[in-house]
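Comments concern the structure below.
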Amino acid sequence: MANDASTVFDLVILGGGSGGYAAALRAAQLGLDVALIEKDKLGGTCLHRGCIPTKALLHAGELADQAREGSEFGVKTTFEGIDIEGVHKYKDGVVSGLYKGLQGLIASRKVTYVTGEGRLSSPTSVDVNGERYTGRHILLATGSVPKSLPGLEIDGNRVISSDHALVLDRVPKSAIVLGGGVIGVEFASAWKSFGADITIVEALPHLVPVEDESSSKLLERAFRKRGINFSLGSRFSGVEYTTDGVKVSLENGKTFEAELLLVAVGRGPVSQGLGYEEAGVAMDRGYVLVDEYMRTNVPTISAVGDLVPTLQLAHVGFAEGMLVAERLAGLSPVPVDYDGVPRVTYCHPEVASVGITEAKAKELYGADKVVALKYNLAGNGKSKILRTAGEIKLVQVRDGAVVGVHMVGDRMGEQVGEAQLIYNWEALPAEVAQLVHAHPTQNEALGEAHLALAGKPLHSHD
């Protein structure tokens with residue numbers, strides 16, 4: 001294995017997704033000499049097969065719904081159908097523009113970018129394309145891929161993953177979505193907007209089960225109203241081909257038939273066969289184990305993103321990557337507070353949250369120490385204009401800070417920024433209540449909720 005031009009980098013990064021490229025950009029900004037290795041495309045899952053393209057599909061679906069509903073607003077519109085080629089052209093255009101911008105950023109920071117499949121060859125080196133890239137420190141950021149269940153083969157034809165769904169050449173007439181988490185409900189929402197008949201199968205008792213139970217129930221109510229079917233609380237037991245589709249069986253004896261089965265049961269780490277175990281890196285179920293500073297048990301190796309058992313969110317990858325870069329540059333970064341990371345599910349309606357659930361707060365502080373308040377969006381002027389329903393739920397430690405903000409409704413993802421500040425700055429309801437929120441905005445609903453929690457409700461009942 002030839003060494004590459006006798007260069008020893010300060011940091012060699014294996015994986016150019018959200019965590020890897022964020023680390024590269026920040027490390028280079030801080031004066032470190034960086035090599036970034038990526039086998040596919042810079043930007044990784046989020047940019048090419050995740051966050052960005054799925055949100056483009058959801059926006060196209062939103063426009064389809066608006067075309068159907070124009071008459072409700074006095075606008076004469078008709079919905080003539082989905083031009084799936086046009087949708088993909090729009091989606092791919094968004095991705096392409098961001099991809100070119102990211103390539104320019106990496107080049108401008110003078111990061112050595114290497115295209116090829118890399119493998120950890122020692123605690124201080126990565127081999128790729130027949131060359132060895134040596135670093136004083138190595139960052140593993142190889143991401144994740146769609147998971148399946150034991151015995152369930154994803155064939156890319158009738159049984160597909162989210163990767164296949166993003167490039168599907170048609171709108172399915174019907175689909176069963178296996179998994180009611182973020183990925184499952186987002187595709188279910190988009191396909192329903194496109195005109196498909198959808199059934200979600202979730203083994204746990206609620207959709208988006210990691211969210212506060214009240215948010216899950218509100219989403220379920222909204223999905224019922226939209227005609228999205230779902231089966232909760234029973235596990236998948238098998239799938240078989242029919243004449244023109246698939247038949248899915250559950251452990252409770254129920255069966256469902258559709259054109260396609262989308263397997264959306266989560267994502268698993270990409271770590272096998274990459275030399276991690278041989279280098280002595282501690283792992284569990286394929287995940288690389290790290291401490292709060294993203295350090296592995298090997299002093300020269302860190303790991304970030306979907307490869308480690310933290311929240312599988314692009315913005316978590318960004319934060320973890322920047323933390324590693326700043327630590328290696330001699331700064332004193334603060335570990336990520338994962339409860340303080342905003343979480344958004346971009347279905348219709350959106351589910352957004354930050355902080356802990358009411359159930360978790362009661363577990364931590366005791367039921368008698370927790371106060372929960374719900375503010376219905378029916379009292380919010382802008383939400384009324386948008387014809388969206390939902391609520392904002394605040395979870396507070398009695399006489400103390402707000403420790404959870406849980407929101408359901410269209411565009412709630414755009415309100416989670418202030419919610420993040422409220423949680424992370426340990427704001428008291430009275431402190432938020434004294435801030436003047438613009439009227440009429442949906443953001444005003446956050447202010448109104450805190451006014452109510454502070455004991456001086458304005459546009460809501462005592």
Side-chain angles (χ1 to χ4, degrees), residues 9-53 55 94-95 97-115 118 126 133 135-144 267 269-271 287-288 290-296 301-338 340-344 416-417 420 424:
F9 294 89
D10 295 312
L11 177 60
V12 174
I13 303 170
L14 183 55
S18 301
Y21 83 68
L25 290 172
R26 184 64 176 134
Q29 188 179 51
L30 292 170
L32 302 185
D33 193 13
V34 181
L36 178 61
I37 299 164
E38 169 57 47
K39 69 177 181 179
D40 190 8
K41 290 183 177 180
L42 180 64
T45 294
C46 174
L47 178 54
H48 299 284
R49 295 176 299 280
C51 324
I52 300 301
K55 278 42 170 191
V94 172
V95 171
L98 291 170
Y99 179 42
K100 289 176 182 175
L102 182 56
Q103 288 173 305
L105 264 177
I106 289 292
S108 72
R109 299 275 172 91
K110 295 181 170 54
V111 172
T112 299
Y113 184 71
V114 182
T115 301
V126 174
Y133 292 81
R136 295 181 179 88
H137 202 89
I138 304 293
L139 176 60
L140 308 178
T142 43
S144 64
R267 299 181 64 86
V270 176
S271 59
Y287 290 100
V288 172
V290 293
D291 66 9
E292 69 270 29
Y293 291 100
M294 316 315 296
R295 297 176 296 205
T296 72
I301 300 176
S302 297
V304 298
D306 287 1
L307 180 63
V308 304
T310 57
L311 292 172
Q312 290 187 332
L313 298 169
H315 44 289
V316 166
F318 296 153
E320 292 173 345
M322 290 189 289
L323 186 154
V324 170
E326 291 176 1
R327 173 169 59 78
L328 295 178
L331 304 182
S332 301
V334 176
V336 177
D337 173 5
Y338 293 100
V341 171
R343 306 171 293 271
V344 186
V416 81
Q420 180 188 25
N424 284 290

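Just so we're clear, the structure is a prediction, and the values are computed from it rather than from any experiment.
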Do the side chain of Arg327 and the main chain of Tyr293 share a donor and acceptor less than 3.5 angstrom apart?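 Yes: the side chain of Arg327 pairs with the backbone of Tyr293.
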Has the side chain of Thr45 got a donor or acceptor atom that lies under 3.5 Å from a matching backbone atom of Gly50?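 No.
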With rounding to the nearest 0.5 Å, note down the distance linking [atom1] in [X] to [atom2] in [Y].
X	Y	atom1	atom2	answer
Leu139	Leu328	CG	CG	8.0 Å
Arg109	Leu32	CZ	CG	12.5 Å
Gln103	Leu98	CD	CG	11.5 Å

Does any donor atom in the side chain of Thr310 or Glu320 lie under 3.5 Å from an acceptor atom in the other side chain? yes
Leu307 and Val270: CA distance, side-chain angles, deciding distance, side-chain contact (heavy atoms from CB on, under 4.5 Å) verdict: CA-CA 7 Å; Leu307 180 63; Val270 176; 5.7 Å; no
Scan the side chains in residues 13-28 for donor-acceptor partners under 3.5 Å anywhere in the protein, sequence neighbours excluded, and list what turns up.
{"from": "Arg26", "atom 1": "NE", "to": "Glu326", "atom 2": "OE2", "distance (Å)": "2.9"}
{"from": "Arg26", "atom 1": "NH1", "to": "Gln29", "atom 2": "OE1", "distance (Å)": "2.5"}
{"from": "Arg26", "atom 1": "NH2", "to": "Glu326", "atom 2": "OE2", "distance (Å)": "3.3"}

List the atom of [X], the atom of [Y], and the distance in Å for their closest heavy-atom pair.
X	Y	answer
Tyr338	Arg343	O-NH1, 4.2 Å
Asn424	Gly340	ND2-O, 3.0 Å
Arg295	Ser302	CA-OG, 4.1 Å
Leu313	Pro342	CD1-O, 4.0 Å
Ala319	Val336	CB-CG2, 4.0 Å
Asp40	Tyr113	O-OH, 4.4 Å

For atom NZ of Lys39, decide whether the heavy atoms of other residues, nucleotides or ligands shown that lie under 6.0 angstrom number more than 12.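 Open: at most 12 neighbouring heavy atoms sit under 6.0 Å from NZ of Lys39.
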Side-chain contact test, heavy atoms from C-beta onward, threshold under 4.5 Å: evaluate it for [X] versus [Y] and give yes or no.
X	Y	result
Leu36	Leu42	yes
Phe9	Leu11	no
Val34	Asp10	no

side-chain contact (heavy atoms from CB on, under 4.5 Å) with Leu140: of Val126, Val290, Ile301, only one passes, and it is Ile301
